[in-house]
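The structure under discussion appears below in the form of structure tokens.
Just so it is clear, the structure is predicted and the values come from calculations on it, not from any experiment.
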Amino acid sequence: MNRDDWLALARASAQEEEQQDERGPQAGPGQLTTPLAVPLAVPLAVPLAAPAVVPAPEAARLADLHGYGLLDTPADDELSAVVRAAAAAAGVASATLNLVDAHRTCQLTTVGFEGRDLDRGEAMCDPHFLDGHVLHVPDASLDERFAANPWVDGRLGRVRCYASVPLVSPAGHPLGSLCVFDTAPGVLTDQQLAVLRDLAGVLVTLFERRREARRAAEQGEQAAEARELAVLAMAEAEARWELSEVVADTIDVGLVVVDDQGQVSSTNRAVRQWQGTAPATAVFLAADRSPLAAEALPWVRALREDVVDGAEVVLTAAGQPDRVLVCSGRAMRRGDGSLLGAVVALNDVTEARQRERALARAHAGLAEHSRRVQALADASRALASAEDPQDVICGWLQELTGADAAYLLRPGDGGELRAVATSCFPAQRVVYGPEEPSLAATTFASSTPVFVADVQTDPRTARRVAAATGFVSGAWHPVVLSGQRTVGVLGVFWRTRQPTLPEHVLPVLQTLSGELAHAAERAELLQRLAQAAERDALTGLANRRRWDEVIGSEVARAARTGTPLTVAVIDLDHFKAYNDTHGHLGGDDLLREFAAAAQGCLREVDTLARWGGEEFVVALPGCTADDAVAVADRIRAAVPRGQSCTIGVAAWEPGLRVEEVVARADEALYRGKQGGRDVTVVHAGPALTPSAQR
């Protein structure tokens, strides 16, 4: 197929698509207060017309196939790229280039699985590849032609959504097929099937180029032209689906939150705007604009199925244009696994559908877009794996946005905003006072992104920082945790004026601020878990686990250095009677107040832990028993609410285990209780020495 043939085919395909758009269904759905379920009806196989296959004996077909020299040879990069493009264009996980020999099917190159040679009867494309039509099966398990095939019934795979485009040589011989499939049922659009047909033509062109190259080296000029046409066709095919992602990345996203019964509890600004001033008239319809049952709404499905991905609905409301929304979300669960509700994001792709005719202009930017997507993915991985994402985020920001500098601001203890990380200028030059007007403070307070083309003239600019940095244009984006709590601000800056914010910058800021927020949430969670593992929930003192770690370390240190170590066990006197009189809440208040008062009598190196109930234990490193008595008496004097406590004191001696020194202090405490309470008793070897009662 030469260049003129390609151009004629492309023009015919475009005209056919344009005519199909113009004669498509125009009538809108009726207004319904409650959408009703209507199953999506699609034929089991959707054929598309293709050039007629020239009838030929099997021997001639095999001779034509073998003439390409493709069987039993590795596929080159161009063939593999076309198969990858086919999988991407169809939006499925797997694709394969099949060549059908006399008794086998050779999976020349694959995507999503490891290919191999099959018996010809095992392949799903045999024998329909001979009829020259594009075959599309939304669910192969429901099609009697494929239900018993090993690729469908589980022996080799579980194919559901399946499409196959025959590969027909210029001589009219069917060579094999380009197949795409997935393990979930699905329907490919006419546009996607047209792209697959284009890519099948690309493959045959590449076959021809290979055969021609083998026949004569002098035909290199023609082969180069064929390659140029093939690459162009492949890029144009990729552009048809890639632009939708470019557009979707730059539009507002709606949010619907429902409770565990499926009742909508909140929607965000985008959804409310889409519903207009009469939200009661808003109706969600299926993608084909048929009524949608309540149980088929994406947020209700998320409750039932846990995850909804790519569900397409149409929102129609009085006085508002219809919107095509792609919905993805998941169920939310409590810590015990019980259902809490669901959150679903709604992406407005209406403009993307209307702008599909602009794909030709988008194809020139595909390479750059792919590079940015890959770089953004690399940045996300780097932030997720970094010990402190703050150390690397500004470098990634500058690289991905093309800005001259970047910074990350976090609030300080005095209410100021301070740069904790920068790129290309010193962090100490950027501090915004708590009362100082600034674009960064505006972003932080409003939790809304801000872009300013000329910061020098904007009244919200911090003049001191602007003069010190010399930046002309800037963009700020809040770092917001899941609870809508803003914890920082990302900023990127240019020293040359940017009339508008470059379209790739906002998605970068959104993605990296989200990664940073996730990292902050993980850090906070780990800190809370660590604190919970070491602290008593009621008093905030060290718990039994933390005490065991501390006393073990202190005993080891005393044994190593010879410094004294004393342990005291404290018990609040008559606590049960106090509880019975004032109730458990009153008892809890007494425990908390005593813990705070006792802590105030200790040094920073001392450790006070809740031993259990109304008992506490203290480690006093560097203290002799006599020193410890003075500390214990201060604690007894500090017991709040007119109550008292008894304290047993024991000094650690070389050779004593941890549990032995604690047992001695506990024994001294017991003697103090027997002796009338409100006393400090020292365990001194075989003798117990009480101090004066207060």
*Taking Gln107 for the side chain and Arg116 for the main chain, is one N or O donor matched with an acceptor at less than 3.5 Å?*
yes

Practice task
Could you tell me whether the side chain of Asp76 reaches within less than 4.5 Å of the side chain of Thr109, counting heavy atoms only?
Solution key: no

### Task
Check whether any side-chain heavy atom of Leu506 sits under 4.5 Å from a side-chain heavy atom of His477, and report yes or no.
yes

#### Entry: Leu199 side chain reached by Leu203 side chain, heavy atoms, under 4.5 Å
no

Looking only at heavy atoms, the pair that brings Ser177 and Cys179 closest together is OG-SG, 3.1 Å

ask   = Should the pair Asp182-Arg158 be classified as a salt bridge under the 4.0 Å nitrogen-to-oxygen rule?
value = no

Output for pair (Ser164 OG, Phe129 CZ), nearest 0.5 Å, gives 9.5 Å

Residues Glu58, Arg120: salt bridge by 4.0 Å N-O rule: yes

- Message: Quick check against the 3.5 Å criterion: does Gln320 have a side-chain atom that pairs as donor or acceptor with the backbone of Gln275?
- Response: no

Separation between CD (Glu122) and CG (Asn149), nearest 0.5 Å, reads 8.0 Å

Would you say Asp198's side chain and Ala200's backbone share a donor-acceptor pair under 3.5 angstrom?
no

Scanning both residues in full, the closest heavy-atom pair of Gln498 with Pro502 reads OE1-CG, 4.0 Å

Tell me, with the steps shown, if Val204 and Val168 meet side-chain contact (heavy atoms from CB on, under 4.5 Å).
CA-CA 7 Å; Val204 174; Val168 182; 5.8 Å; no

| said: Counting C-beta onward and ignoring hydrogens, is there a side-chain heavy-atom pair between Ser169 and Tyr68 closer than 4.5 Å? | reply: yes

For Pro166 and Gly132, the nearest pair of non-hydrogen atoms, with its separation, is CG-C, 3.5 Å

Next on the checklist: Parallel, tilted or perpendicular: which one describes the rings of Phe113 and Phe181, with boundaries at 30° and 60°?
Outcome noted: tilted

When every non-hydrogen atom of Ala406 is compared with those of Gln398, the smallest separation belongs to CB-N, 4.4 Å

Checklist line | Close side-chain approach of Val258 and Val343, heavy atoms under 4.5 Å | finding: no

ask   = Taking NZ, NE, NH1 and NH2 as the nitrogens, is one of them in Arg61 or Asp64 under 4.0 Å from a carboxylate oxygen of the other?
value = no

**OP:** Answer yes or no: is there a donor N or O on one side and an acceptor on the other, between the side chain of His504 and the main chain of Thr401, under 3.5 Å?
**Re:** yes

- Could you tell me whether the side chain of Val137 reaches within less than 4.5 Å of the side chain of Arg145, counting heavy atoms only? yes

message = Between Asp322 and Arg289, does any side-chain N to carboxylate O distance fall below 4.0 Å?
response = yes

Would Leu325 and Phe284 count as a side-chain contact (heavy atoms from CB on, under 4.5 Å) here? Give the steps. CA-CA 10 Å; Leu325 306 173; Phe284 286 94; 4.1 Å; yes

Heavy atoms of Ala302 and Ala342 approach each other most closely as CB-CB, 4.0 Å

- prompt: If only atom types and distance count, is the side chain of Arg160 paired as donor or acceptor with the main-chain N or O of Val152 below 3.5 Å?
  reply: yes

Rounding to 0.5 Å, atoms OG1 (Thr110) and CZ (Arg84) come to a distance of 11.0 Å

Contacts satisfying salt bridge (Lys or Arg N to Asp or Glu O under 4.0 Å) that involve residues 96-105 (not counting sequence neighbours) are Asp72-Arg104, Asp101-Arg104, Arg104-Asp117

Which of Val307, Val308, Asp309 passes side chain to side chain contact (heavy atoms under 4.5 Å, CB included) with Arg330? It is Val307

| Charged N to carboxylate O under 4.0 angstrom, Glu212 versus Arg209? | no

For Ala286, is there any backbone N or O sitting under 3.5 Å from a side-chain donor or acceptor partner on Ser290? no

Query raised in the report: Do Val324 and Leu315 come within less than 4.5 Å of each other through their side chains, counting heavy atoms only?
Result: no

Inset, instruction - With the side chain counted from C-beta on, respond yes when Thr96 and Val180 share a heavy-atom pair under 4.5 Å apart, and no when they do not. - result: no

Salt bridge (Lys or Arg N to Asp or Glu O under 4.0 Å) pairs touching residues 509-519, sequence neighbours excluded, are none

CG of Leu175 to CG of Leu108, rounded to nearest 0.5 Å, is 11.5 Å

One should read off an interatomic distance between Trp151 CH2 and Cys125 SG, to the nearest 0.5 angstrom, of 11.0 Å

One should read off an interatomic distance between Met124 CE and Thr105 OG1, to the nearest 0.5 angstrom, of 12.5 Å

Residues passing the salt bridge (charged side-chain N to carboxylate O under 4.0 Å, His left out) test with Asp119, sequence neighbours excluded, are none

Quiz item: side-chain contact (heavy atoms from CB on, under 4.5 Å) between Leu65 and His173: does it pass, once the steps are laid out?
Solution: CA-CA 8 Å; Leu65 172 63; His173 297 142; over 6 Å; no

Output yes when a side-chain donor or acceptor of Thr511 lies under 3.5 Å from a complementary backbone atom of Val508, and no otherwise.
-> no

Tightest non-hydrogen contact, residues Cys161 and Val159, listed as O-CG1, 3.9 Å

CA sep, side-chain torsions, deciding dist, call: Leu346, Val326, side-chain contact (heavy atoms from CB on, under 4.5 Å) = CA-CA 6 Å; Leu346 289 70; Val326 174; over 6 Å; no

